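Reckoned from all heavy atoms, side chains included, excluding hydrogens, waters and symmetry mates. Within every chain, numbering begins at 1; the chains are lettered A, B, ... in the order of the sequence lines, protein sequences first and strands thereafter. Nothing here was measured: the structure is a model prediction, and the numbers come from that model.
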2 protein chains.
Amino acid sequence: MRAQANGRPASSGIPEATVARLPVYLRALTALGESGLRTVSSEQLATAAGVNSAKLRKDLSYLGSYGTRGVGYDVEYLRYQIAREIGVNQDWAVVIVGIGNLGQALSNYGGFRSRGFRIVALVDGDASRVGEMHGDLAIAHIDELDRLVVERGCSIGVIATPGDAAQAVADRLVAAGVTSILNFAPAVLTVPEGVDVRKVDLSIELQILAYHEQRKRTPGADREGLPSEQVVES
Amino acid sequence: MRAQANGRPASSGIPEATVARLPVYLRALTALGESGLRTVSSEQLATAAGVNSAKLRKDLSYLGSYGTRGVGYDVEYLRYQIAREIGVNQDWAVVIVGIGNLGQALSNYGGFRSRGFRIVALVDGDASRVGEMHGDLAIAHIDELDRLVVERGCSIGVIATPGDAAQAVADRLVAAGVTSILNFAPAVLTVPEGVDVRKVDLSIELQILAYHEQRKRTPGADREGLPSEQVVES
DNA sequence: TAGATTGTTAATCGATTAACAATC
DNA sequence: TAGATTGTTAATCGATTAACAATC
């Protein structure tokens, strides 16, 4: 029973599935706002976010009662409330570990800065790459990690190393005080309680697509000839 | 009721949550096999994959009965069965659209080729980049997309364009015959029935981490002082 | 007031987990 | 046989959805 009986937000009692959709709503609201829209119905916003309106309203109800019956939601007000709830109004310092192709791409990605994420350090284990400039950041050696995390106040670390280096990097990040990790390395990480890890695994995503693709080609022996289903991932 | 009463696999009746974990088990089995292990218990494999053993056994039961009671699973046999189920034994031709930093990183990513994904075309909308070589592939213009998809048999397309180009690219991919799309662009895609879309959104991942990070810092007013929870994403 | 739309309830669905009978 | 471990059951939990009373 996570939702509260009264109209007040449950602050931390928001279901994970809802938390994962809030950034999607935020993005949709930003786009709608930029197009000049002042008020939006749950139906409109749901369409823009790619969900159904019942789910959207249920999700928003965890934050509070920010809509007006018969009217809809004020775009700017709702956008602000969601941004505050997520914490995007703050500035988050991020360190990237592993400056290969992917690490470089991430360090150049414009979508981070505009959403409150500031990349403040680039770290690599290869000593020959130390000093190499990317934007206005120089690559530092992994041995500097602890100092950099503390000095620059990083609470989020991104791991973009090969799989076999990932656990050691995670250990170092945690020891330095990082409590949130975004892991692109193909490895299962073990971290202490209180540290959040999210995993983005490119070849796993392709493999999931391949699974469904295979079934489109070989109409399943034990299933009636159904039209191949759509599996849109949230 | 997706599991069948008998021991036979339900081929296409595997729950999505299970499908998403099969590649994780596959990777763990490959690593265990390379380390010389011949037989593995559900407990060992579950640990290697970062799940609990009950979930692992339930997941595997959708594929069939590939273990031996009192003994465990034959590593190589189970690895093969999962690979076959996913479709990784086949070769999948992939086209990448949008050769910016991320597209380049993806085109160089070694983890794809070794898992049956062959990148066979790089496409970009910027005419001035056409001909530029990446590995042994030259960038082609987006107008060549249809021809390339047909000639090279692509069934999977990767979108790594800016958000505002993504829907048009998706439309072109679908028109050319692509039925599975991995979307890195920050945009909600609309596709016809029968086309699968999976979305990887880097700033959404960071925002989800930020949400939890914020709560670690401001011990929620309406929650007893609990140790900040771990949210390891599968 | 009449029409529109939210916020919430309750039913349903799917995923997780513990426990254990089956069986190697 | 005794010990180990799978495969399955059933309980529980969390997420989704339709429907509608509340209310602007």
With a cut-off of less than 4.0 Å, is there a side-chain N or O of [X] near OP1 or OP2 of [N]?
{"X": "R21(B)", "N": "dT16(C)", "answer": "yes"}
{"X": "S42(B)", "N": "dT6(D)", "answer": "yes"}
{"X": "Y62(B)", "N": "dG14(C)", "answer": "no"}

**OP:** Taking only the side-chain heavy atoms of A17(A) (C-beta and beyond), determine which of dA15(C), dT16(D), dT9(D) contains the nearest atom.
**Re:** dT16(D)
Original post:
The side chain of P15(A) lies closest to which of these nucleotides: dA15(D), dT17(D), dT16(C)?
Top reply: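 Of dA15(D), dT17(D), dT16(C), dA15(D) is nearest to the side chain of P15(A).
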How long is the line joining [atom1] of [X] and [atom2] of [N], in whole Å?
{"X": "Q81(B)", "N": "dG7(D)", "atom1": "CD", "atom2": "C1'", "result": "16 Å"}
{"X": "R57(A)", "N": "dT9(C)", "atom1": "CZ", "atom2": "P", "result": "14 Å"}
{"X": "K58(A)", "N": "dT17(D)", "atom1": "NZ", "atom2": "C1'", "result": "10 Å"}
{"X": "E16(A)", "N": "dC13(D)", "atom1": "CD", "atom2": "C1'", "result": "15 Å"}
{"X": "N52(A)", "N": "dC13(C)", "atom1": "CG", "atom2": "C1'", "result": "14 Å"}

Subject >> Pair partner, dA18(C) [Watson-Crick or wobble, under 3.5 Å] >> reply: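 Partner of dA18(C): dT9(D).
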**OP:** Scan V200(B), V158(B), L189(B), T161(B) and name whichever one has a side-chain contact (heavy atoms from CB on, under 4.5 Å) with N183(B).
**Re:**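 Answer after filtering V200(B), V158(B), L189(B), T161(B): L189(B).
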Subject >> Base dT6(C) paired with R69(A) side chain (donor-acceptor, <3.5 Å) >> reply: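 Yes, the side chain and the base share a sub-3.5 Å donor-acceptor pair.
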Original post:
Hey, do the aromatic rings of Y77(A) and Y80(A) have their centres closer than 6.0 Å?
Top reply: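 Ring-ring flag for Y77(A)/Y80(A): false, centres at least 6.0 Å apart.
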Original post:
With sugar-phosphate meaning primed atoms plus P, OP1 and OP2, does A54(A) contact a base, only sugar-phosphate, or nothing at under 4.0 Å between heavy atoms?
Top reply: base
Subject >> Carboxylate-amine/guanidinium contact E85(B) R215(A), below 4.0 Å >> reply: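 The answer is yes: the pair qualifies as a salt bridge.
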Original post:
With a 4.0 Å cut-off, would you call R79(B) and D74(B) a salt bridge?
Top reply: no
Original post:
Taking the nucleotide of DNA chain D with the closest heavy atom to each, which residue, D59(A) or V71(B), is nearer the 5' end?
Top reply: V71(B)
